[in-house]
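Throughout, protein chains are lettered first and strands after them, A, B, ... in sequence-line order, and every chain is numbered starting at 1.
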Amino acid sequence: MKYWLMKSEPSVFGIDDLAAAPKRTSCWDGVRNYQVRNMLRDEFAVGDLAFFYHSSCEVPGIAGIVEVTKQGYPDHTAFDRKHPHHDPASTPDNPRWYMVDVRLKQRFSRVITLDELRVHAAGKLRDLLILRRGNRLSITPVDGAHWKFINSLA
DNA sequence: GCCAACGTTGGC
DNA sequence: GCCAACGTTGGC
């Protein structure tokens with residue numbers, strides 16, 4: 001089983017939206033980056049756990065934990081001409097983009113803020129990808145020690 | 001294959 | 001809204 005960190009803008013889709021979804025489950029659509037696509041398609045497995053990270057908002061940080069309930073499958077929003085994530089280069093016969101399904105597993109009683117994570121950037125959270133300068137991937141792997149430590153903060 | 005221009009991300 | 005740090009695109 002692997003651990004991940006998945007970013008989303010709460011103004012678009014936040015942990016509240018996932019909590020309100022049927023079965024607290026939703027597809028994680030809209031990834032349009034090849035590196036992240038490859039992770040979703042090839043590395044995500046049912047049972048993997050991920051931090052739900054809120055980005056581009058007042059208090060960026062980790063809001064909770066989700067569990068992967070469906071492994072990588074074609075992102076159908078790319079096929080929909082009217083969808084903001086439409087990509088004419090992706091077709092059902094030859095899909096370019098992939099998504100997974102996630103279910104809300106745990107909502108932290110408070111957001112573990114980016115500032116708080118940074119406090120440990122040179123220590124326990126050294127090399128955590130989200131803290132690395134210039135990192136822009138919307139999904140990144142998290143190693144076991146980092147996973148454990150961040151949970152202890154929550 | 002190079003690289004300038006452009007678009008996007010995301011913290012601030 | 002600014003801007004640094006990328007990724008992508010497309011002419012050559």
Atom-pair distance (CG on A/L131; P on B/dC12), nearest Å:
11 Å

Residues of residues 84-92 of chain A with a heavy atom under 4.0 Å from any atom of DNA chain C, listed by number, are none

Under 4.0 Å, heavy atom to any atom of DNA chain B: which of residues 108-126 of chain A qualify?
A/L114, A/R118

Candidate pair A/V142 and A/L128, rule side chain to side chain contact (heavy atoms under 4.5 Å, CB included), full reasoning
CA-CA 7 Å; A/V142 173; A/L128 182 68; 4.3 Å; yes

Can A/W4 and A/D48 be counted as having a side-chain donor-acceptor contact under 3.5 angstrom?
yes

Would you mind classifying the nucleic acid contact of A/S56 as base, sugar-phosphate or nothing, using non-hydrogen atoms under 4.0 angstrom?
base

If only side-chain N and O atoms of A/Y53 are considered, is one of them under 4.0 Å from the OP1 or OP2 phosphate oxygen of B/dT9?
no

Between B/dT9 and A/K7, is there an OP1 or OP2 to side-chain N/O distance shorter than 4.0 Å?
no

Round to the nearest Å and state the distance from A/I130 atom CD1 to C/dC6 atom C1'.
14 Å

Trace of the side chain to side chain contact (heavy atoms under 4.5 Å, CB included) decision for A/L40 with A/I139
CA-CA 9 Å; A/L40 289 173; A/I139 296 178; 3.6 Å; yes

Rounded to whole angstroms, how far apart are CZ on A/R32 and P on B/dT8?
13 Å

Mind calculating the distance between CZ (A/R37) and P (C/dT8) to the nearest angstrom?
10 Å

Between A/L125 and A/F149, is a side chain to side chain contact (heavy atoms under 4.5 Å, CB included) present by the stated rule, with each step listed?
CA-CA 8 Å; A/L125 296 180; A/F149 181 72; 3.6 Å; yes

Lys/Arg-Asp/Glu bridge criterion (N-O < 4.0 Å) met for A/D75, A/R37:
no

Does one side chain, of A/R41 or A/Y73, offer a donor that lies under 3.5 Å from an acceptor on the other?
no

Can you tell me how far OG of A/S11 sits from CD of A/E58, rounded to the nearest 0.5 angstrom?
12.0 Å

So, A/D93 versus A/T91: side-chain donor-acceptor pair below 3.5 Å or not?
no

What is the separation between atom CD on A/E58 and atom C1' on B/dG10, rounded to the nearest whole Å?
15 Å

Interatomic distance, A/L137 CG vs B/dG11 P [rounded to whole Å]:
13 Å

Count the heavy atoms belonging to other residues, nucleotides or ligands that lie under 6.0 Å from NZ of A/K2, then report whether that count exceeds 12.
yes

Tell me the interatomic distance from A/I139, atom CD1, to B/dG10, atom P, rounded to whole angstroms.
11 Å

What is the separation between atom OH on A/Y34 and atom P on C/dG7, rounded to the nearest whole Å?
14 Å

